[in-house]
Amino acid sequence: MLTSGGDCQALNATMRGVAKSLYKMFEDVEIVGFEDGYKGLMYADYHIMKSSDFSGILTKGGTILGTSRQPFKLMRTPDENGLDKVEAMKHTYRKLKLECLVVLGGNGSQKTANLLREEGLNVVSLPKTIDNDLWGTDMTFGFQSAIDVATNAIDCIHTTAASHGRVFIVEVMGHKVGWLTLYAGIAGGADIILLPEIPYDPDVVVNAIRERTRQGKRFSILAVAEGAISKEDAALSKKELREKKKNQIVYPSVAYEIGAQITEKTGQEVRVTVPGHMQRGGEPCPYDRVLATRLGAAAANLIKEKKYGYMVAMKNGEITEVPLEEVAGRLKTVDPNCAMIREAKMVGISFGDE
Ligand code: F6P
């Protein structure tokens, strides 16, 4: 078993779900825990786990196994000592005579899981990420807990924003997708939500702020995804964008860039808050604990049935499984025309596009 990529809430709860189910199903099951994700499998850093390791961890954030990022695109590149990473992982797996590999991971980790499946290993994976961007599942564990943290940040900003009459920007994680910002933005009552999937026009953003001022509202709150992009930049190729950025002020992140644009166009004071990795920290929320337990039990079932090469998933409220080859390399993004965006617009939230 291993946890791979960025951590999130409910990793431990999910491992507990798998382990507790397996211990009940088989008398002689032995679980090997690999340290720091695929790295542990590559360099044979592991320990045999005891059933007591999985007790008392339902509510514990982080991962008891540790994790690391091992980029998929470098999997076929030997390490600094010339080690073939894929062969090394296969070697550890075979040396330990494993029945299967249980991977808890996000996008990159699912791609590696699929690669190992193609290389002949028995793999079962579970959908982890606060970004909720995994193809094939409606929900990933970690997402709901991260929404709580990001929403709480916006809630806190609300009171201070009201006192000072300023424009506030809360930058929300989510990598290249806007799920977390969309949910936290709506839940936190943000006035403007900017997502990577809906490139924004700075003038539209500024008009939305001016309109609020005209209505006598003293403050405006923007929930901005870390991957938000302007219409102008979205129309450029990667190369053109790199060239453009070379000749621009370098901002710490997109929220600061948007903040500077707002100040320049309106003269209003803007403050930026970046909750950052807080969004991945702390206890999993009850929803995630339940999801983790259900997904964990489902993964154990797949192992019992020797049904390998799948990621367990949640679809329409039901726990199911999807072939890893379908999941690998596909992102689940926010559809700009979905009902949720339409409804948010109906209550007056601006997405900076129209
Ligand atoms: O994928 C989870 C995530 O928290 C993203 O939302 C964010 O872009 C990224 O990881 C941050 O990665 P790191 O922890 O490596 O800085």
Side-chain angles (χ1 to χ4, degrees), residues 2-14 35-39 61-63 65-75 103-113 125-154 169-185 187-188 193-197 223-229 251-258 272-285 288 291-292 295 311 313 327-334:
L2 60 87
T3 55
S4 167
D7 76 337
C8 72
Q9 305 89 338
L11 275 166
N12 290 325
T14 307
E35 280 135 42
D36 297 342
Y38 287 113
K39 208 164 145 193
T63 159
L65 287 180
T67 185
S68 67
R69 289 201 186 276
Q70 301 296 319
F72 174 74
K73 61 175 184 228
L74 297 180
M75 276 299 165
V103 174
L104 286 73
N107 268 300
S109 311
Q110 299 293 344
K111 284 198 257 182
T112 301
S125 72
L126 297 105
K128 167 236 73 166
T129 171
I130 63 163
D131 303 338
N132 197 32
D133 60 351
L134 272 175
W135 180 267
T137 186
D138 294 344
M139 200 57 71
T140 57
F141 62 84
F143 177 56
Q144 294 289 338
S145 305
I147 294 174
D148 284 359
V149 180
T151 302
N152 188 253
I154 301 173
I169 303 182
V170 180
E171 185 177 287
V172 180
M173 273 188 169
H175 202 218
K176 293 181 179 155
V177 305
W179 292 109
L180 191 51
T181 311
L182 178 61
Y183 275 78
I193 297 178
L194 304 182
L195 310 179
E197 294 89 342
V224 172
E226 62 178 350
I229 186 163
Y251 293 98
S253 66
V254 66
Y256 289 91
E257 186 176 344
I258 294 170
V272 174
T273 300
V274 184
H277 288 77
M278 281 177 69
Q279 292 161 98
R280 298 207 316 231
E283 288 184 353
C285 67
D288 270 340
L291 180 65
L295 290 171
M311 179 186 83
V327 176
R330 288 170 91 177
L331 268 190
K332 183 183 72 194
T333 56
V334 176

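Note that ligands are numbered from 1 as they come in the structure, with each ligand's atoms numbered from 1 the same way. Residues take their numbers from the sequence shown, with the count starting at 1.
Paired with Asp7 under the rule side chain to side chain donor-acceptor pair (under 3.5 Å), one option of Lys128, Arg280, His277 passes, and it is Arg280.
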| said: side chain to side chain donor-acceptor pair (under 3.5 Å), that's the test. Do Glu171 and Ser253 meet it? Break it down for me. | reply: CA-CA 9 Å; Glu171 185 177 287; Ser253 66; 2.6 Å; yes

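Heavy-atom contacts from other residues, nucleotides or ligands closer than 6.0 Å to NZ of Lys332 number more than 12.
Looking at heavy atoms from C-beta onward, His175 lies in side-chain contact with Glu226 at the 4.5 angstrom threshold. Two residues are said to be in side-chain contact when any heavy atoms from C-beta on lie closer than 4.5 Å; Leu126 and Phe141 meet this criterion.
No donor-acceptor pair under 3.5 Å is formed between the side chain of Tyr38 and the backbone N or O of Leu2.
Closer than 4.0 angstrom to ligand 1 by heavy atom are Arg69, Ile130, Asp131, Met173, Gly174, His175, Glu226, His277, Arg280, sorted by chain and number.
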